[in-house]
Amino acid sequence: METIQCMEEADKVLMQTYNRYPIVLEKGEGVYLYDKDGNQYLDFASGIAVFALGYGNQEFNHALKEQIDKLLHTSNLFYNHPAVEAAGKLAKASGMDRVFFTNSGAEAIEGAIKLARKYYYKKYQRADSEIIAMNHSFHGRSIGALSITGTKKYRDPFEPLMGGVNFAEFNNLESVKALISKKTAAIILEPIQGEGGLHPATKEFIRGVERLCKEQDILLILDEIQCGMGRSGEMFAFQQYGVKPDILTSAKALGCGVAVGAFAAREKVAEAFDLGDHGTTYGGNPFATTAVSKVFDLFEEEQILTHVKKVAPYLSEKLQGLYHKYDCITDHRGIGLMQGLEFAFPVKDIISKAMQRGLILIFAGPNVLRFLPPLIITKAHVDEMITILDQCIAEVRNENKQMDRN
Ligand SMILES: *Cc1c(COP(=O)(O)O)cnc(C)c1O
């Protein structure tokens, strides 16, 4: 199928929930993607923080191919070895005690909400628990996850949603305190807000929230679906802050391209689930968990964390350079290989121009460019990206100036 034909067909058969970029991607290698017409793109999006190890890692692909020939799925009515191994590695890397595998991030969030509610229910024998979430947070599109997502526009058309949710101001500890009641079962937040515009939590805030939780036996749920798995320079971003959640959610880079998510918890919390309280048909299947297991192995073999710690300051320095060069860039923020530039105007024209020049970038809110490269990028890739981006910003800025004059 030709490129145009594919796009036209997609507009007919797929539900129209995405404004897709006019590219039909076909294959990937390292940090580059290729479309059907053979054009090459330097990828600074990683399929939204998924391809931490880049594309076409032979060891990873080989492990998956081997597992395909053995067994793809067992259901959770039986044991399977890859799931046990993967759970052990995730538990060890996160300091959590028990793991439940899901097929997506949203499902991991659903499980985390259920576990927090069950913990509260067992403790107080009451079914009136509440959750505190943050403004501008993003936790997924299913009804439960949407209910705790802090963007009203995403929620409004789908009301009535799950009740008992209150929204605090991110990085404002007093606003969290003000919402705590005897019904508060959990506080959920992303250590680095992704979709909401690349806002890292301050140390004071996240530590303050942890302290409030400890004092009142409220569960701290950290959503590391986007900021986890090495992106911050630590395996999980909370390790940067010196805090520890009661429940952790992971997905995206957890499978590096294979659909898988997980929620993990401390023993005393995980104990709240009784037999039959939660389930999934596909979750934790041997194919997806082979991917998870291999991802952890490769992170170690390729010393991904050490690499991120080396290359991220370089990316930061270069983005800071653009921030100082252009008045139209109003902020530069982020941690590790999860950074953003905020502009005085929408960034969609910059993204289109970059794409025409072979660079894939995405946004996080209309005015924020989001940088989520594969974790294996080198300084040379950063330079390549910055050169293209610099040209695109200059062009768009000049076009905007001309429009202002007319
Ligand atoms: C992407 C994302 C989700 C939802 O994950 P899906 O796999 O798309 O369901 C939840 N939380 C955060 C922080 C995310 O970035």
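When a ligand or atom number is given, it counts from 1 through the structure's own listing order. Bear in mind that the values here come from a model prediction, so they are computed numbers and not experimental data.
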Pairs of nitrogen or oxygen atoms closer than 3.5 Å, one from [X] and one from ligand 1: do any exist?
{"X": "Ile225", "result": "no"}
{"X": "Asp223", "result": "yes"}
{"X": "Ile109", "result": "no"}
{"X": "Glu195", "result": "no"}

Exercise. What are the two closest heavy atoms between Ser94 and Gln239, and how far apart are they?
Worked result: CA-NE2, 4.2 Å
Seminar exercise, completed: For Lys353 and Val396 the tightest heavy-atom approach is CE-CG2, 3.6 Å
Exercise. Between Tyr32 and His381, is the gap from one ring center to the other below 6.0 Å?
Worked result: yes
Problem set entry | Axial cation check for Phe273 ring with Lys118, 6.0 Å and 45° limits | no
Exercise. Cation-pi between Lys89 and Phe296: NZ/CZ under 6.0 Å from ring centre and within 45° of the ring axis?
Worked result: no
Under a 4.0 angstrom heavy-atom cut-off, which atoms of ligand 1 come close to [X]?
{"X": "Gln226", "result": "15 (O)"}
{"X": "Phe138", "result": "2 (C), 3 (C), 11 (N), 12 (C), 13 (C), 14 (C)"}
{"X": "Glu190", "result": "13 (C)"}

Exercise. Between His73 and Tyr282, how do the two ring planes meet: parallel, tilted or perpendicular, split at 30° and 60°?
Worked result: perpendicular
For this session: Measure the distance from atom 14 (C) of ligand 1 to every protein heavy atom, then report the residue, atom name and distance (to 0.1 Å) of the closest one.
Result: Lys252 NZ, 2.9 Å
Problem set entry | Nearest non-hydrogen protein atom, atom 5 (O) of ligand 1 | Gly105 CA, 3.3 Å
Problem set entry | Heavy-atom proximity to atom 4 (C) of ligand 1, best of Ala108, Ala106, Ala364 | Ala106
For this session: List for me each residue that meets side-chain contact (heavy atoms from CB on, under 4.5 Å) alongside Pro82, sequence neighbours excluded, and say none if there are none.
Result: Gln67, Asn80, Pro286, Thr289, Thr290
For this session: For atom 8 (O) of ligand 1, state whether the nearest protein heavy atom is under 4.0 Å away.
Result: no
Exercise. How about Arg333 and Gln339: does a side-chain donor come under 3.5 Å of a side-chain acceptor?
Worked result: no
Problem set entry | Donor-acceptor side-chain pairing of Tyr120 and Asp128 below 3.5 angstrom | yes
Exercise. Any idea which part of Glu224 is under 4.0 Å from ligand 1, heavy-atom wise: side chain, backbone, both or neither?
Worked result: neither
For this session: Under 4.0 Å, heavy atoms only, figure out whether ligand 1 is touched by the backbone of Ala251, its side chain, both or neither.
Result: neither
